[in-house]
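Here is the structure we will look at, set down as structure tokens.
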Amino acid sequence: MSVDTATVKRIASLARIAITDEDASRLAPELGNILGWIEQLGEVDTSGVEPMTAVIPNTLRLRDDVVNADPLTGGGIRDALMAGAPQAEHGFFTVPKVIE
Amino acid sequence: MTESTYRIQGATGEWEVVIGLEVHAQVTSQAKLFSGAATAFGAEPNTQVSLIDAAMPGMLPVPNRECIRQAVRTGMAIDAQINRWSRFDRKNYFYADLPQGYQISQLYHPLVGEGAIEISLDEKDPEGSVKSIGVERIHVEQDAGKLMHDQHPTRSYVDLNRSGVALMEIVSRPDMRSPAEAGAYLRKLRAILRYVGSCDGNMEEGSMRADVNVSVRKPGDEFGTRTETKNVNSVRFVMAAIEYEAKRQVSVLEDGGKIVQETRLFNVESGTTRSMRSKEDAHDYRYFPDPDLLPLELEEAFLEECRASLPELPDAKRKRYEALGISAYAANVLTAEVEAARWFDALLETGAKPVPAANWVTSELFGALNRTGKSIENSPVSADQAAELLALVADGTLSGSLAKQVFEVMLETGDGAAKIVEERGLKQTSDTGAIEAVIAGVLEKNPNQLAQYRGGKEALFGFFVGQTMKAMGGKANPAVVNDLLKKALG
Amino acid sequence: MSDVTNLGIAGIRDGFRAGDFSAREVADAFNAKVAGAKALNAFLVETPEHALAAADAADAARAAGEAPKPLAGVPIGMKDLFCTKGVTTTAASEILGGFVPPYESTISQKLWDAGAGMLGKLNMDQFAMGSSNETSAFGNVISPWRRSDGGNAALAPGGSSGGSSSAVAARLCPGATGTDTGGSIRQPAAFTGISGIKPTYGRCSRWGTIAFASSLDQAGPMAQDVRDCAIMLEAMAGFDAKDATSLQLDVPNWEAGLNADLKGKRVGVPREYRVDTMPAEIEALWQQGVDWLRDAGAEIVEVSLPHTKYALPAYYIIAPAEASSNLARYDGVRYGLRDLPEGAGLQDMYAATRADGFGAEVKRRIMIGTYVLSAGFYDAYYTQAQKVRALIARDFERAFEQCDVLLTPTAPSAAFALGEKQADPIAMYLNDVFTVPASLAGLPAMSVPGGLDAAGLPLGLQIIGKPLDEQGVLNASLAIEQRAGFTARPEAWW
Ligand SMILES: [Mg+2]
Ligand SMILES: [Zn+2]
């Protein structure tokens, strides 16, 4: 499996990881090797096999519609939530201005 | 089924517009879809955000049963297939309103499958103008946070209060062919959601937003390339966006251009759409099943409860009203909004006669509400009070015009009809002796008219009725007045 | 008084209850050991005050005659993947530099509730991605072990729970938490001559544990021996309503159920684990393990797990795919590192922050995960991998029709030197060849020390059990432990 630098750049951009041209050239053969290695999975005949959905048989539990029933999963914790924010003001997180 | 005749006139001939709507409806619930934070509208920024909604490290989603229940009930209300096995997928993209870097949604196995919504295009003839619009699916997903761009010169502000609120995405088939059809579909969908109680339908507060998919084609051709105009938040704007977008596409095509499949934004002020810059590169969403959540498997008892809890829906109610003798038009008007229908049902429950009750509600009550700018939930007159008034009309205590007077007083004072009649002596009289005495007086005071009448000018009958009623302060029973006048005039 | 730091969890617990020593004495002793072992780089944060506070509480409770909590008097090490309230938690990554969680993970909370105290946060492979603890942003963890060849090569403690394994092996703590996604408890335990168990997927809550690959991640204990693991696992396991994949089951009394008599039990030896490249010493140890278990009364049967060969490639699709999405939240907006180059827009800020904050291996896996999920590749990679995963789970199901537990080596080699395998990611990934299949199937699995190789380094044996049969796994492991008589200890050079 060969991966070209354009592909590496496209993937890096999808993953929002800035890379330089050197990074891309270095990563291309590396990712190519790994992807080539995992491609052996194609050998396995999986016709009629359902993809695994739950590793241990278990069904999805649903919770009751109650606000702040557990402080660990409820709201009203703005100060704690924003204490480590790289940039915040007036109760908002802030980011570089976005043009929609 | 009615065929739309809506066409865009282009230089090269007529174009047909093809419309599909993806409606995001906020599910009515106290807490968010995957966290216990509140969903109330208008809270201080970031005060209704849990560790989960802010995507703190190690946080996990656990779904809210009520959100699933409401989506299932909505599906049942449009006769859709309910999938006993569904699951949540992650839609991956980076944006400042999406803390996790993915939206938990349902792509591969939605909760609700194929259903349909019937729209009628003519209020006066709801049955005769029915069109069925296919609903492809309803899936449950998280809302994103909110960005504000005008608070700071170089920064956007992020408020995550909406982040994680449950939405139903209701995806129609591309079955609509005119702005009017799209408008009717949205209004009908909104009515159904409000009947079911699964969404408050409040478009101003963002509880319902539509992504509008529009393409144009020459009638009979294959579907053209579509654009998607995002987050349009009123019926009027949806119709305007379609009209603008269809015309824009026609002119692009007629100029030899191509329509690019893209996301667009609607500008409320100018009524135009424009290409959206920020999501251009986000087409590869890398959907995959959310490994934090197991498949959602619904049990029969849960589905039973959902089904049993469904109210009578607008179409069924309209047909029931019509069967009671109410006109198709009135039945349509009475059922268009759930509150009106509920109010009217309460009135019927008092034993009020359906037809006069319907007429009174659609003319007198709605007229008064319109005049005073009130909604029916805040009606100053309750269904019980209206029943009292209508009963007084039915038993002859009040004439139509007296009823109007009494109603005015009810609106002003909030008093009951019987009390008003009693206190203000507005009771209609059928006392023949009293009426005969008044008629005698009227004839005596108007000898000329009497002579003319007797000379053959029968049109003057109305004059005598009027004079008699006036002399009786409007309280005489008109039928009795008629009878007695005819006798007196010979 | 014997050195309390050698006593292990059960020894400390029992000695504390018997009044042989105070909890504060224990905490002081371990705090001193931690402070004196900087050369191992096992701890990212030391929290002596936390350990002392828990100790004082235990002493006070004992003085007041209260019934002792299960781990009263026992201080432990906490892998830095577990969020700890008020204590910096970084998953050994720059991108979480300085992150102080305002919440406590379910696992750490349960341990504190059981009376344990925290000696500190343990170094690890960044975001638990690695098998040698060389991907930490805060330096390699060094194994306390050295080869007997006289060389001073710094050895890998295994990964990703390398801080945990190094600390327990060096007796800096009697037990430590680990997490295991593809072998991250078992392989480092094997490398350092200690025991570690990964329970059935869903036994231990994932809430508050920084996610690597959600469908695989499981917490578990790492300690000196099987009993200590049973004690600690009892405190960590249990239903948590905050984790939708948590199993709604009572926690068995595993310690009380310990029983090394395997009469009537059948032990499966999977044919496909006999790979060509297996060193003779590993092969010999495996045979030794077979003999020990037979000696313990078990019947040995050969079984087949035909899809074993595909477990690693399936894992290297599923785990990176989940990771690429799980790690999307590290974007410089709400916490952790933000890199905002001059004039950068939002998307540039993301890319710069993530390029700076994530280490090379994390980026590599995010890239692989992004690739396998991307348009046009999803079915060929991800869906196929999940199908193969279903086949691997079915292999185990069928094997367990013929036996109660499986016996395999834990790792294909003893600890290697730091730097030795860094150049070749696939060679590094192959370290997990024996541990990954049980991870993919969500099964309980444990590593216990079996012996030393020619260079004097520990080798581990792995017991894999049926879903929810932690007891069977612990018991077979105990049978090995009793017969292996593993007492080797690294000499304190640090
Ligand atoms: Mg859409
Ligand atoms: Zn949506």
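Since this is a predicted model, take the numbers as computed values, not measurements.
- Chain A forms more heavy-atom pairs under 4.5 Å with one residue of C:Pro467, C:Ser215, C:Ala314, C:Ala393 than with any other, namely C:Ala314.
- Residue contact with chain C, scored on non-hydrogen atoms closer than 4.5 Å, is absent for A:Asp23.
- Heavy-atom distances place no part of A:Thr53 under 4.5 Å from chain C, backbone and side chain included.
- Contacts with chain A were tallied for C:Glu104, C:His307, C:Arg394, C:Lys387; C:Lys387 has the most, counting heavy-atom pairs under 4.5 Å.
- Using a 4.5 Å cut-off between heavy atoms, C:Pro102 touches chain A through its side chain atoms alone.
- For a residue to count as touching a neighbouring chain, one of its non-hydrogen atoms must lie under 4.5 Å from one of that chain's; by this rule C:Phe99 does not touch chain A.
- Residue contact with chain A, scored on non-hydrogen atoms closer than 4.5 Å, involves the backbone of C:Leu440 exclusively.
- Heavy atoms closer than 4.5 Å to chain C are found in the backbone of A:Asp45, but not in its side chain.
- No more than 12 heavy atoms of other residues, nucleotides or ligands shown are found within 6.0 angstrom of CD on A:Glu50.
- Residue contact with chain A, scored on non-hydrogen atoms closer than 4.5 Å, involves the backbone of C:Ala441 exclusively.
- In this structure, chain A has heavy atoms under 4.5 Å from both the backbone and the side chain of C:Ala385.
- For a residue to count as touching a neighbouring chain, one of its non-hydrogen atoms must lie under 4.5 Å from one of that chain's; by this rule C:Leu340 touches chain A with the side chain only.
- The shortest side-chain heavy-atom distance between A:Ile19 and C:Lys363 does not fall under the 4.5 Å cut-off.
- Both the backbone and the side chain of A:Gln40 come within contact range of chain C, each with at least one heavy atom under 4.5 Å from a heavy atom of that chain.
- Contacts with chain A were tallied for C:Ala241, C:Ala344, C:Pro425, C:Gly98; C:Ala241 has the most, counting heavy-atom pairs under 4.5 Å.
- C:Ala380 does not touch chain A: none of its heavy atoms, backbone or side chain, sits under 4.5 Å away.
- Heavy atoms of A:Thr46 lying under 4.5 Å from chain C belong to its backbone as well as its side chain.
- Under the 3.5 Å distance criterion, the side-chain polar atoms of A:Arg16 are left unmatched by any main-chain donor or acceptor of C:Arg354.
- In this structure, the separation between CH2 on C:Trp207 and OG1 on A:Thr73 is 8.0 Å, given to the nearest 0.5 Å.
- Note: A:Leu41 leads A:Thr59, A:Leu41, A:Leu62, A:Thr7 in heavy-atom pairs under 4.5 Å with chain C.
- For the set C:Val100, C:Ile317, C:Leu216, C:Thr383, the entry with the most heavy-atom pairs within less than 4.5 Å of chain A is C:Ile317.
- A side-chain donor-acceptor contact under 3.5 Å links C:Gln384 to the backbone of A:Val44.
- Comparing C:Leu337, C:Ile318, C:Ile366, C:Val333 by how many heavy-atom pairs each has under 4.5 Å with chain A, the most go to C:Val333.
- Looking at C:Tyr330, there are no atoms closer than 4.5 Å to chain A (heavy atoms on both sides), in backbone or side chain.
- No other option in A:Leu81, A:Leu35, A:Val8 has as many heavy-atom pairs under 4.5 Å with chain C as A:Leu35.
- For A:Ile11, the parts lying under 4.5 angstrom from a heavy atom of chain C are both the backbone and the side chain.
- For the set C:Phe358, C:Tyr310, C:Tyr315, the count of heavy-atom pairs under 4.5 angstrom toward chain A peaks at C:Tyr310.
- Using a 4.5 Å cut-off between heavy atoms, C:Asp379 makes no contact with chain A at all.
- Using a 4.5 Å cut-off between heavy atoms, A:Leu31 contacts chain C through its side chain alone, with no backbone atom that close.
- For A:Arg63, no part lies under 4.5 angstrom from a heavy atom of chain C.
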